[in-house]
2 protein chains.
Amino acid sequence: MNERPELTRNQTLVLSKLEGQEGPLSAYQLLDLLRDDGFRAPLQVYRALDKLMRAGLVHRLESLNAFVACSGHAHAHAGDVTAFAICDQCGQVIELSDRLVSERLDEWVSKTGFKPTGAVLEFRGACAACQARAA
Amino acid sequence: MNERPELTRNQTLVLSKLEGQEGPLSAYQLLDLLRDDGFRAPLQVYRALDKLMRAGLVHRLESLNAFVACSGHAHAHAGDVTAFAICDQCGQVIELSDRLVSERLDEWVSKTGFKPTGAVLEFRGACAACQARAA
DNA sequence: CGCAGTTGTGTTATTCTATTACGTATGCCA
DNA sequence: TGGCATACGTAATAGAATAACACAACTGCG
């Protein structure tokens, strides 16, 4: 389904930093992590991120201005929305995707005559582990 | 229900600019619009916006880094999520709020053990008018 | 082969968005 | 009166993203 495209050196480096990370990273955090690998300018990061996002390997979290590696298994079907649950305590991000929910949301919005082409769905709160820790 | 808090001069100015506008405005656009009223620094805008958002009179659109006046009538009950449908053609923003949808989404997310305290729901696409125009 | 088209790269500079820090003024109320 | 909370003004800075320019590598094709 998802033909893994050939990644260049820069793209591979960015992706591996994101994958070796629990939570999301900002573009500038990535830049700092990659200085030893020869990165010097934001654009190098942004260009790699752009490619990775279009390949569906990385997601952008709008409410954080940050990026996460796509959590493998949950590869949504084309057209399905992906939602994110972002823990404000530990920073972990859970990826959610569900065809039924997608369809219902689509119906809901379409009732107004609006035709959605994309969606940003981000929940903020506390993950299970952090709730337990707080109790 | 929503005690309209006393607004200061700056807050009133910012709110009125947002209300006199079809679509969202960025903080710096607001600043430019308010130079004649004595605004000189971004902070003046951000501080007013902060207050207005906490009062529920203004919403921030994460996917645009911009702000809209809360469309009056659709004042959600406490706990209800507000979603936004943003037209990528004309910039208009439709505000959506529905108790049932809120509950369903909450259930969906909570299934993972995550406890949401807030949500960012933004749909991008084409509003009814712009679809008609394109046809 | 030569050449155009695409993609990726590196660098510098700039724009846009948002916050920190510091000082001041005002109203409230104990 | 003093302490506290809120708002204000200004300057400086941090953080996020893009524009502009030049070059290298690869592809397909006449």
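Below, read A as the first sequence line, B as the second, and so on, with proteins coming before strands; counting in each chain starts at 1.
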Discussion item. If you assign each of Pro42(A) and Leu43(B) to its closest nucleotide in DNA chain D, which residue comes earlier from the 5' end?
Written reply: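 Its nearest nucleotide being more 5', the pick is Leu43(B).
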Discussion item. Both Gln29(A) and Arg47(A) contact DNA chain D. Taking the nearest nucleotide for each, which residue is further toward the 5' end?
Written reply: Gln29(A)
Could you state the [atom1]-[atom2] distance from [X] to [N], rounded to the nearest angstrom?
X        : N       : atom1 : atom2 : result
Leu7(A)  : dT9(C)  : CG    : C1'   : 16 Å
Leu34(B) : dC8(D)  : CG    : P     : 12 Å
Arg40(B) : dA11(D) : CZ    : P     : 9 Å
Arg54(B) : dA5(D)  : CZ    : P     : 14 Å
Asp50(B) : dC8(D)  : CG    : P     : 12 Å
Leu25(B) : dC16(C) : CG    : C1'   : 15 Å
Asn10(A) : dT7(C)  : CG    : P     : 17 Å
Leu64(A) : dT17(C) : CG    : P     : 18 Å

Side-chain N,O ([X]) to OP1/OP2 ([N]) below 4.0 Å:
X        : N       : answer
Tyr46(A) : dA17(D) : yes
Thr8(A)  : dT9(C)  : yes
Arg60(A) : dA17(D) : yes
Gln44(A) : dT9(C)  : no
Lys51(A) : dT7(C)  : no

Fill in: Residues Arg60(A) and Glu62(A) bridged, charged N to O under 4.0 Å
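Judged by the 4.0 Å cut-off on N to carboxylate O distance, Arg60(A) and Glu62(A) do form a salt bridge.
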Practice prompt. Kindly point out which of dG10(C), dA17(D), dG8(C) is positioned nearest to the side chain of Asn65(A)?
Written response: dA17(D)
Worksheet, complete the sentence: Between Ser26(B) and Gln11(A), whichever has its closest DNA chain C nucleotide further toward 5' is Gln11(A)
Worksheet entry | Is_stacked (Tyr28(B), dC16(C)) at 5.5 Å, 30 deg | no
Worksheet entry | Trace of the side chain to side chain contact (heavy atoms under 4.5 Å, CB included) decision for Val81(B) with Val101(B) | CA-CA 8 Å; Val81(B) 205; Val101(B) 173; over 6 Å; no
Discussion item. Run Arg47(B) and Asp50(B) through salt bridge (charged side-chain N to carboxylate O under 4.0 Å, His left out) and show every step you take.
Written reply: CA-CA 5 Å; Arg47(B) 287 205 268 231; Asp50(B) 186 58; over 6 Å; no
Worksheet item: To the nearest 0.5 Å, how far apart are CG in Leu61(A) and OG in Ser26(A)?
Response: 11.5 Å
Practice prompt. Would you sort out whether Phe67(B) and Leu52(B) count as a side chain to side chain contact (heavy atoms under 4.5 Å, CB included), showing the intermediate values?
Written response: CA-CA 10 Å; Phe67(B) 305 84; Leu52(B) 292 168; over 6 Å; no
